[in-house]
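Have a look at the structure below before the remarks.
Note that these values count all heavy atoms, side chains included, but never hydrogens, waters or copies made by symmetry. Computed from a prediction, not measured in an experiment: that's the story for all the values here.
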Amino acid sequence: MTGSTSNGDSLTPDAGELAEAIGVPVSPALLELALVHRSFAYENGGIPHNERLEFLGDSILGQAVTVMLYKENPDLVEGELAKRRASLVSSVALAEVAKRIGLGRYIRLGKGEEQTGGREKSSILADTLEAVIGAVYLDAGPDVATDLVLRLIRPLMENPDRFGAAMDPKTSLQELAATLGLGLPRYDIEDSGPDHSKRFRATVVVGGEGVATGTGTSKKHAEMAAALTAWTQLQDDHGSAEASAAD
């Protein structure tokens, strides 16, 4: 799987580009394995896929985030530390990180997943990111893998309020909308795909306007993704408005 690989009707970029994007020189063979979703593996004769690396990366991710939170927050009680860790390693958070580095472009997907928008699915993006972390750990060692995790995760920590929002985005959005006098959010749902592989798209309407969309393999996941995006956008807009008023 060197060079651009034909995947359905698309060409998947070379994994070497991803190594440059994450700033870690890692074995091309390991990194390419980290990008092989099981749907691609099954359609190509049962070749190895990334789930073992995902299992390893999940452990590395959890340890790195736990140690960071413990060291950098000496005054936080166990419950708050656990809440923040759960937020940072959630599928929603990891999918956001994956989108930031353009990970979806590199994943090897089967035709079915490709046709149902697999490159945007939070679960696939999050799992693949964990597999990439596992590959870095095996090839470059624990220190480099930990450094990668922290570089990827730290941007999520810039807004402390986001911890609560990521844990319960629909409630957080409802509370923020009420504070801003925008009324209750409404979710418009569309679905596509066959019954055994439905894909849902949620548009959250706040104050009479469609603020954000989210996708997922269930209505709940799509609504949560849309709610978190809308909450982040409204927070940013509100902060910008307050700053302008202060000037």
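A heavy-atom distance below 4.5 Å is found between the side chains of Arg186 and Asp188. The closest side-chain heavy-atom distance from Leu173 to Leu234 is below 4.5 Å. Counting only heavy atoms from C-beta outward, the side chains of Leu94 and Leu125 never approach each other to under 4.5 Å. Met157 is not listed as a side-chain neighbour of Arg84, based on a closest heavy-atom distance of 4.5 Å or more. The side-chain heavy atoms of Tyr137 and Leu148, taken from C-beta on, include no pair separated by under 4.5 Å. Counting only heavy atoms from C-beta outward, the side chains of Ile107 and Ile124 approach each other to under 4.5 Å. In this structure, the side chains of Leu35 and Thr128 come closer than 4.5 Å at one or more pairs of heavy atoms.
Side chain of Arg119 to main chain of Gly104: a donor-acceptor pair is present (N/O by atom type, distance under 3.5 Å, no hydrogens or angles).
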Under 3.5 Å, side-chain donor or acceptor atoms of residues 52-67 against the rest of the protein: list the pairs with distances, not counting sequence neighbours.
unit_1	atom_1	unit_2	atom_2	d
Thr66	OG1	Gly62	O	2.7
Thr66	OG1	Arg85	NH1	3.1

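With sequence neighbours excluded, no residue forms a side-chain hydrogen bond (donor to acceptor under 3.5 Å, both in side chains) with Asn44. With sequence neighbours excluded, the residues forming a side-chain hydrogen bond (donor to acceptor under 3.5 Å, both in side chains) with Arg38 are Glu51, listed by chain and number. Remark: Glu78 pairs with Ala82 by the side-chain contact (heavy atoms from CB on, under 4.5 Å) rule, at least two apart or across chains.
Legend: salt bridge (charged side-chain N to carboxylate O under 4.0 Å, His left out) pairs involving residues 121-147, not counting sequence neighbours, sorted by first then second residue: Glu113-Lys121, Asp147-Arg151. For the side-chain hydrogen bond (donor to acceptor under 3.5 Å, both in side chains) condition, the pairs that include at least one residue of residues 206-216, sequence neighbours left out, are Arg199-Thr215.
Of all heavy-atom pairs between Ala226 and Ala202, the closest is CB-O, 3.7 Å. When every heavy atom of Ala93 is checked against every heavy atom of Ser87, the shortest pair comes out as CB-O, 3.2 Å.
In this structure, Leu33 is not a member of the same hydrophobic cluster as Tyr42, with clusters built from ILVMFWY side-chain heavy atoms closer than 4.5 Å. Hydrophobic clustering (side-chain heavy atoms under 4.5 Å, transitive across Ile, Leu, Val, Met, Phe, Trp, Tyr) groups Leu150 together with Ile101.
With values rounded to the nearest 0.5 angstrom, Glu223 atom CD is found 8.5 Å from Ser218 atom OG.
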